[in-house]
Amino acid sequence: MEKLQAIRGMNDILPEQSLTWQYLESIFQKVVAGYGYQEIRFPVLEQTQLFKRSIGEVTDIVEKEMYTFDDRNGDSLSLRPEGTAVCVRAADQHGLLYNQQQRLWYHGPMFRHERPQKGRYRQFHQFGVEAFGMAGPDIDAEIIELSKELWRQLGLTDYLTLEINNIGSAADRKTYAAALSAFLETRKESLDEDAIRRMHTNPMRVLDSKNPTVQQVLAGAPQLSAYVGEESHEHYQKLTSLLDVLGIAYKENGRLVRGLDYYNNCVFEWTTDILGAQSAVCGGGRYDGLVEQLGGKPTVAAGFAIGEERIVLMLDELNKVPAQALRPIDIYVVVSTQNLSAQGLELATEIRKSHPSLGVLCHCGGGKPASQMKRAFASGAQLAIILEETDSASTQLKLRMLDDSNRSEIIDVDQIGSKLEEFIVISR
Ligand code: ATP
Ligand code: MG
């Protein structure tokens with residue numbers, strides 16, 4: 001029978017890889033906890049309307065990337081393509097937003113029907129933070145600083161660049177969109193089908209065009225920066241001086257508009273050179289109007305989302321995951337004859353109790369000592385403990401390092417507690 005395969009662009013994360021993911025997620029959780037952010041979990045499936053109203057009808061995500069279907073009741077549902085809109089829906093629904101400040105984080109799978117390639121998948125994972133009820137720019141600086149701290153702890157600082165832009169208020173962008181649309185109308189003959197379609201519905205999306213002819217036209221187009229109002233300017237200037245004080249370097253990029261409609265004022269992206277075309281690993285900014293746009297009371301907000309796959313690719317490529325995080329276990333217990341199996345299980349349990357940070361695997365399923373040792377070497381453990389029967393029918397333990405040192409020693413069962421620390425690194 002033909003075997004079924006996973007859906008294109010949706011990856012299995014196998015045990016060896018999942019250690020890197022666990023490492024990444026543990027650092028992320030440690031960092032956000034350090035800044036007082038609390039976790040929120042929400043469903044992967046939402047009403048399609050939620051994304052249409054927030055991300056925008058005329059965006060790549062909503063026009064062509066969502067997994068949308070009617071359920072058995074005929075309701076239109078979509079797999080979440082991102083977390084911010086869902087976070088707002090959930091936080092507002094449960095009364096967390098009005099007249100309050102919230103610092104929240106989430107992580108989990110997102111779904112977009114894009115062309116799969118390195119760093120771009122149809123099911124991918126994001127972790128993100130969302131801060132509500134703070135008008136900034138201090139909170140903007142905080143979330144940027146938080147992301148930078150994450151890169152520091154992961155050893156990625158040298159490989160990432162912060163790009164920022166001021167995209168103005170919703171009103172500024174409305175005026176700008178009208179001007180851009182009028183300009184594009186005059187160059188209609190040089191535009192492609194996509195650009196012509198968006199010219200009136202969402203002209204700013206035309207700025208994202210990858211078509212060189214369209215890009216040429218855009219070189220002469222009105223600039224968003226000329227339409228940004230006084231208030232946004234002030235906000236942005238305060239933010240950049242905060243970044244200066246915090247020692248956070250940034251590159252100003254006037255073309256950075258982000259692919260979602262809900263942003264305003266400051267937007268930012270962290271990019272890298274080492275992933276080819278998929279250079280953005282984190283994107284965010286303010287979205288002061290979104291809560292109200294989704295039916296809540298006006299609540300200012302800012303946040304970002306990180307693409308986990310791209311960070312995992314960087315960690316792998318740069319060998320940045322510490323060896324101890326990649327070690328699935330520390331000790332492999334070899335049971336040289338089957339009548340020692342109860343003792344083997346007991347010994348493993350005792351070590352787990354006395355040294356809770358250690359991973360101990362006790363060989364199960366029988367087999368000759370030599371083949372058990374082979375598994376011990378392949379397991380990635382630091383140390384093998386071999387239970388052996390002595391001539392006098394008592395049990396002795398042979399400790400055998402699994403590295404190149406070949407160090408080994410025979411000890412009595414009751415010596416194990418003191419001997420372990422002589423042999424291996426206990427802290428994980
Ligand atoms: P891109 O420009 O690469 O398409 P985006 O602007 O669509 O990114 P956002 O919606 O801002 O991305 O999502 C935040 C982050 O999520 C991105 O910076 C990226 O790291 C990651 N990401 C987005 N889409 C994908 C995908 N299809 N596969 C893997 N990671 C993704
Ligand atoms: Mg995209």
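For ligands, and for the atoms within them, numbers begin at 1 and follow the listed sequence.
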Under 4.0 Å between heavy atoms, the region of Cys282 that gets near ligand 1 turns out to be backbone

query: Between Glu142 and Arg103, is the closest basic N to carboxylate O distance under 4.0 Å?
result: yes

Tell me whether the guanidinium CZ or amine NZ of Arg80 lies under 6.0 angstrom from the six-membered ring centre of Phe111 and within 45° of its axis. no

message: Any nitrogen or oxygen of Glu114 lying under 3.5 Å from a nitrogen or oxygen in ligand 1? Just yes or no.
response: yes

Of Arg112, Glu308, His125, Glu269, the residue with the heavy atom nearest atom 5 (P) of ligand 1 is Arg112

- Side-chain ion pair, Glu63 and Arg198, N-O less than 4.0 Å: yes

Do ligand 1 and Ile306 have nitrogen or oxygen atoms that lie under 3.5 Å from each other? no

So for Gln126 against ligand 1, with non-hydrogen atoms under 4.0 Å, the contacting part is side chain

Exercise for the section: Say whether Arg120 and ligand 1 are in contact under the criterion: heavy-atom distance to a ligand atom below 4.0 Å. Expected result: yes

Q: Taking only Lys NZ, Arg NE, NH1 and NH2, and the carboxylate oxygens of Asp or Glu, determine whether Arg89 and Asp92 approach each other closer than 4.0 Å.
A: no

>> Do the side chains of Lys64 and Asp194 get close enough for a salt bridge, i.e. N-O under 4.0 angstrom?
In response: yes

Ranking Phe111, Phe127, Phe124 by closest non-hydrogen atom to atom 25 (C) of ligand 1, top hit is Phe124

For Ala305, the atoms of ligand 1 under 4.0 Å from one of its heavy atoms are 14 (C), 15 (C)

>> Contact between ligand 1 and Gln278 is defined here as a heavy atom of the residue under 4.0 Å from a ligand atom; is it met?
In response: no

* With the threshold set at 4.0 Å, does a side-chain nitrogen-carboxylate oxygen contact exist between Glu350 and Lys353? -> no

